[in-house]
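So the structure is just underneath, and the comments pick up after that.
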Amino acid sequence: MNLILFGPPAAGKGTQAKRLVAERGMVQLSTGDMLRAAISSGTELGQRCKAIMDAGHLVPDPIVIALIELRLDEAEAAGGAIFDGFPRTLAQAEALDEMLERRGARIDHVIRLKVDEEALLARVTQRFKEQGRPDDNPETFVTRLEAYNNQTAPLLPYYEGQGKLAEIDGMGSVEAVAAEIDRVLG
């Protein structure tokens with residue numbers, strides 16, 4: 001099973017993906033984690049990604065698509081992937097569909113975590129204070145949220161048209177959101 005967790009930054013996608021990995025053995029393909037790892041590596045690619053992310057912009061499609069493709073074998077061996085933070089653009093969604101189709105696979109479910117943007121800003125501000133993640137800087141977050149609304153949210157009709165989109169309330173407790181996700185997945 002291949003699943004996309006969809007929603008703006010700080011909506012809880014990573015938390016739910018980690019739970020699904022633990023409970024279902026799937027592989028989480030988090031572009032955020034992959035990009036942070038690239039930055040930590042200190043490579044030229046990592047430095048390019050850091051500059052882009054620090055400015056609050058989305059990393060270009062070719063870089064993100066290549067990072068995802070590198071992990072698909074691992075996901076297939078585990079029985080499926082949870083795409084967390086990917087795709088973010090229509091080009092990425094189409095590239096993902098093509099990559100999976102070449103492998104005889106597909107996206108089975110797209111779950112959108114619907115959240116209140118002001119509550120998200122409060123969540124990010126708290127996480128920034130506690131963890132100090134540069135991409136959680138509240139000012140950068142506002143830019144990332146705008147990028148999500150302008151570039152990523154338009155993917156909803158793409159997946160709705162495929163009959164794969166389920167929307168759930170992402171503002172509930174971790175347990176309530178998990179129960180709704182489990183209901184969708186069956």
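In what follows, every heavy atom counts, from backbone to side chain, and hydrogens, waters and symmetry copies are set aside. Residues: numbered from 1 along the sequence shown. A quick note: this is a predicted structure, and the numbers were derived from the prediction, not measured.
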Between atom NE2 of His109 and atom OH of Tyr159, what is the distance when rounded to the nearest 0.5 Å?
14.0 Å
Could you walk me through whether Val27 and Leu29 pass the side-chain contact (heavy atoms from CB on, under 4.5 Å) check?
CA-CA 6 Å; Val27 172; Leu29 299 180; 3.8 Å; yes
Using the test side chain to side chain donor-acceptor pair (under 3.5 Å), find all partners of Asn2 that sit at least two apart in sequence or belong to another chain.
none
Gap between atom OG1 of Thr152 and atom CZ of Arg144 - 0.5 Å precision
10.5 Å
Give a yes-or-no answer on whether the side chains of Asp61 and Thr89 include a donor-acceptor pair shorter than 3.5 Å.
yes
Under a single-linkage definition using a 4.5 Å side-chain heavy-atom cutoff for Ile, Leu, Val, Met, Phe, Trp and Tyr, are Leu96 and Val59 assigned to the same hydrophobic cluster?
yes
The test is side-chain contact (heavy atoms from CB on, under 4.5 Å); show your working for Leu70 and Met34 and say whether it passes.
CA-CA 11 Å; Leu70 289 172; Met34 289 181 212; over 6 Å; no
Is it true that a side-chain atom of Lys114 and a backbone atom of Glu167 form a donor plus acceptor pair closer than 3.5 Å?
no
Verify same cluster id: Ile82, Ile107 (apolar side-chain graph, 4.5 Å):
no
Within a reach of under 6.0 Å around CD of Gln131, are more than 12 heavy atoms found that belong to other residues, nucleotides or ligands?
yes
Lys13 versus Gly7, closest heavy-atom pair with distance:
NZ-O, 3.0 Å
Checking Lys50 side chain against Ala38 main chain: does a donor-acceptor pair fall under 3.5 Å?
no
What do you reckon, is CD of Glu118 surrounded by more than 12 foreign heavy atoms closer than 6.0 Å?
no
Could you go through the side-chain contact (heavy atoms from CB on, under 4.5 Å) check for Met53 and Leu35 one step at a time?
CA-CA 9 Å; Met53 290 171 65; Leu35 291 167; 3.7 Å; yes
When rounded to the nearest 0.5 angstrom, what distance separates CG in Leu3 from CE in Met26?
5.5 Å
Taking every non-hydrogen atom, the tightest pair across Met1 and Leu185
SD-CD2, 3.7 Å
Got a sec: does the CZ of Arg123 have more than 12 other heavy atoms crowding it under 6.0 Å?
yes
So which heavy atom on Ala55 is nearest to which on Thr143, and how close?
O-CG2, 4.0 Å
Verdict with reasoning, Asp116 to Leu120, per side-chain contact (heavy atoms from CB on, under 4.5 Å):
CA-CA 6 Å; Asp116 175 86; Leu120 283 186; over 6 Å; no
Suppose we screen for side chain to side chain donor-acceptor pair (under 3.5 Å). Which residues come up paired with Thr43, at least two apart in sequence or across chains?
Ser41
Co-membership, hydrophobic cluster, residues Leu155 and Phe83, 4.5 Å side-chain
yes
Hydrophobic cluster membership, Leu100 vs Leu165, 4.5 Å side-chain cutoff:
yes
Taking NZ, NE, NH1 and NH2 as the nitrogens, is one of them in Arg102 or Glu69 under 4.0 Å from a carboxylate oxygen of the other?
yes
Are the side chains of Leu20 and Gln28 in contact, using a 4.5 Å heavy-atom criterion?
no
Any side-chain heavy-atom pair of Leu67 and Phe86 under 4.5 Å:
no
Check the pair Asp182, Arg24 against salt bridge (charged side-chain N to carboxylate O under 4.0 Å, His left out), reporting the backbone distance first and the verdict last.
CA-CA 11 Å; Asp182 289 342; Arg24 295 180 181 241; 3.6 Å; yes
If we only count heavy atoms from C-beta on, is the Arg112 to Leu156 side-chain gap below 4.5 Å?
yes
Are Val110 and Leu113 connected in a single hydrophobic cluster, I mean Ile/Leu/Val/Met/Phe/Trp/Tyr linked by side-chain heavy atoms less than 4.5 Å apart?
no
Asp108 and Arg106: salt bridge (charged side-chain N to carboxylate O under 4.0 Å, His left out), yes or no, with the steps?
CA-CA 6 Å; Asp108 298 293; Arg106 65 186 173 92; 3.3 Å; yes
Kindly determine whether Glu130 and Arg127 satisfy salt bridge (charged side-chain N to carboxylate O under 4.0 Å, His left out), including the steps that lead there.
CA-CA 5 Å; Glu130 293 171 358; Arg127 192 164 71 183; over 6 Å; no
Is a donor on one side and an acceptor on the other found under 3.5 Å between the side chain of Gln47 and the backbone of Gly42?
yes
State, to 0.1 Å, how close Ile52 and Pro60 come at their nearest heavy-atom pair, and which atoms those are.
CD1-CD, 3.6 Å
So, do Asp97 and Glu101 sit near enough that their side-chain heavy atoms are less than 4.5 Å apart?
no
Report the C-alpha separation of Glu23 and Arg19 in whole Å, then their side-chain angles, then the decisive distance to 0.1 Å, and conclude whether the salt bridge (charged side-chain N to carboxylate O under 4.0 Å, His left out) test is met.
CA-CA 6 Å; Glu23 293 178 7; Arg19 180 191 66 82; 2.7 Å; yes
With distance as the sole test, does Gln92 use its side chain to make a donor-acceptor pair with the main-chain N or O of Arg88 at under 3.5 Å?
yes
If you look at every heavy atom in Pro87 and Phe6, which pair is closest and at what distance?
O-CE1, 4.2 Å
Between Ala10 and Val124 the two heavy atoms that sit nearest each other are CB-CG2, 3.2 Å
Got Leu121 and Pro138 here, is their nearest side-chain heavy-atom distance under 4.5 Å?
yes
Just by distance, with hydrogens left out, do Gln16 and Asp84 show a side-chain donor and acceptor under 3.5 Å apart?
no
